[in-house]
Amino acid sequence: MRQIKRISFFLYSCLVFAGGFYAHIKWGEFFYPQTFGQKNTAYVGEPKEEDVSAVVSSPDRITFQTKLVTVTYQVSTQETRRQEEAMPEKYVGMGREDFVRCMEDEAAAPSLLERKKGLFAVEVQSFSPAQVVVKKSYRSQDIARSFYLALLDNRVVVYEADKSTVYMQTFIDGRKLPQELRDSILRGWEVEDHVKLEAFLEEYTDLPAAE
């Protein structure tokens with residue numbers, strides 16, 4: 001008899017507990033419908049539409065693993081050489097537009113060594129995170145024996161002897177040059193050979209820019 005009473009009490013307790021839990025759920029659904037009864041459709045691993053578009057539209061960039069291939073071309077001999085090397089750190093992180101702009105600047109105002117070698121054009125032939133191909137064209141220094149210096153937007157520009165073909169654009173600010181030299185360039189200053197041109201470039205290239 002006692003055993004039956006214990007079982008009955010246990011079943012009664014379970015029914016009371018279940019009824020209370022059910023009543024709690026219904027009470028929550030009634031007063032907080034925005035919390036109860038709604039399915040969470042967001043999936044953690046599923047990218048949002050704006051995230052997908054951002055990834056697709058993000059440009060490729062140069063990394064430390066990107067290989068730099070330089071193709072050199074000699075106009076006089078039509079000789080082409082190809083050299084592969086690790087990407088210099090100064091280019092790491094650049095996108096295509098930034099890298100092309102950097103190459104244009106280097107072509108416009110090449111280093112002293114590149115000027116001596118006769119660099120006159122730089123072209124980015126291909127660009128990807130795996131490999132960047134740059135073509136550099138050179139010509140013999142005896143093509144232009146004399147030069148003509150002028151100012152363009154306050155920058156010194158070197159023309160060939162015909163005074164129309166641009167041989168080199170520089171970053172030399174004409175406003176920082178000595179007045180007499182600046183007046184000569186304003187009138188059009190002829191430089192007889194490479195030796196005098198290189199001497200001028202070496203002396204004035206590092207002048208601080210005018211404010």
Side-chain angles (χ1 to χ4, degrees), residues 47-141 143-144 147-160 164-177 194 197-198 200-211:
K48 298 180 181 178
E49 183 178 352
E50 57 268 23
D51 293 336
V52 173
S53 61
V55 172
V56 173
S57 61
S58 61
D60 294 333
R61 295 191 176 275
I62 294 172
T63 69
F64 284 103
Q65 286 71 44
T66 306
K67 296 296 182 182
L68 175 61
V69 177
T70 303
V71 178
T72 58
Y73 174 67
Q74 284 287 350
V75 175
S76 57
T77 62
Q78 296 186 348
E79 180 183 5
T80 301
R81 293 184 180 180
R82 183 183 179 94
Q83 178 182 355
E84 181 177 318
E85 60 182 322
M87 181 64 64
E89 185 175 353
K90 64 181 179 179
Y91 301 130
V92 174
M94 288 186 179
R96 182 183 180 89
E97 290 185 3
D98 291 337
F99 185 74
V100 169
R101 190 179 302 112
C102 186
M103 292 297 101
E104 290 174 349
D105 290 342
E106 291 187 12
S111 65
L112 179 60
L113 177 61
E114 291 283 40
R115 288 198 298 265
K116 289 181 177 179
K117 291 167 61 177
L119 177 69
F120 72 93
V122 180
E123 175 190 358
V124 179
Q125 294 189 320
S126 67
F127 184 97
S128 73
Q131 178 177 280
V132 175
V133 180
V134 176
K135 179 181 178 181
K136 294 185 175 183
S137 299
Y138 298 86
R139 58 187 171 193
S140 300
Q141 292 285 25
I143 292 180
F147 307 92
Y148 177 83
L149 273 58
L151 289 180
L152 180 62
D153 295 332
N154 291 317
R155 301 290 179 180
V156 176
V157 179
V158 182
Y159 293 89
E160 295 186 6
S164 61
T165 303
V166 176
Y167 178 77
M168 179 194 308
Q169 296 181 13
T170 77
F171 293 126
I172 300 175
D173 192 334
R175 294 169 294 180
K176 286 293 182 177
L177 294 173
H194 280 90
L197 176 61
E198 293 297 338
F200 168 81
L201 295 173
E202 288 182 5
E203 183 173 358
Y204 296 107
T205 294
D206 296 328
L207 285 177
E211 297 296 335

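- In this structure, the side chain of R82 does not engage the main chain of V71 through any donor-acceptor pair within 3.5 Å.
- Evaluation of the side-chain hydrogen bond (donor to acceptor under 3.5 Å, both in side chains) rule for K136 yields E114 as partners, not counting sequence neighbours.
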Any chance you could lay out the side chain to side chain contact (heavy atoms under 4.5 Å, CB included) test for L201 and I172, step after step, and finish with the verdict?
CA-CA 8 Å; L201 295 173; I172 300 175; 4.0 Å; yes
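- In this structure, the side chains of V134 and V122 come closer than 4.5 Å at one or more pairs of heavy atoms.
- In plain terms, the two heavy atoms of K135 and Y73 that are nearest each other are CE-CB, 3.9 Å.
- Of all non-hydrogen atoms in R61 and G93, the two that sit nearest each other are NH1-O, 3.0 Å.
- Atom CD of E85 sits about 5.0 Å away from atom OG1 of T70, to the nearest 0.5 Å.
- Of all heavy-atom pairs between Y148 and E160, the closest is CB-O, 3.9 Å.
- Closest non-hydrogen pair, P88 versus L68, comes out as CD-CD2, 3.7 Å.
- Sorted by first and then second residue, the salt bridge (charged side-chain N to carboxylate O under 4.0 Å, His left out) pairs with a member in residues 119-133 form an empty list; sequence neighbours excluded.
- Heavy-atom minimum distance, T66 versus S128: CG2-O, 3.7 Å.
- By the neighbour-count criterion of 12 heavy atoms within 6.0 Å, atom CD of E97 is sparsely surrounded, having that number or fewer from other residues, nucleotides or ligands.
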Run M168 and F120 through side chain to side chain contact (heavy atoms under 4.5 Å, CB included) and show every step you take.
CA-CA 7 Å; M168 179 194 308; F120 72 93; over 6 Å; no
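- Few gaps surround CD on Q125; more than 12 heavy atoms of other groups in view lie less than 6.0 Å from it.
- Between F127 and F99, the ring planes are tilted. Angles from 30° to 60° get that label.
- Taking every heavy atom of both residues into account, A150 and Y159 meet most closely at CB-CE1, 3.9 Å.
- The pair D173-R175 meets the salt-bridge criterion, since a charged nitrogen lies less than 4.0 angstrom from a carboxylate oxygen.
- Atom CD of Q131 sits about 6.0 Å away from atom CD of E84, to the nearest 0.5 Å.
- Separation of atoms CG (L197) and CD (E202) is listed at 10.0 Å; rounding is to 0.5 Å.
- For the atom pair CG (L177) and CG (L151), the distance works out to 7.0 Å, reported to the nearest 0.5 Å.
- Taking CZ of R96 as the reference point, atom CG of D98 lies at 12.0 Å (rounded to 0.5 Å).
- The CD atom of E89 sits 12.5 Å away from the CE atom of M87 when rounded to the nearest 0.5 Å.
- With contacts defined as side-chain heavy-atom distances shorter than 4.5 Å, the pair Y91/V132 does not qualify.
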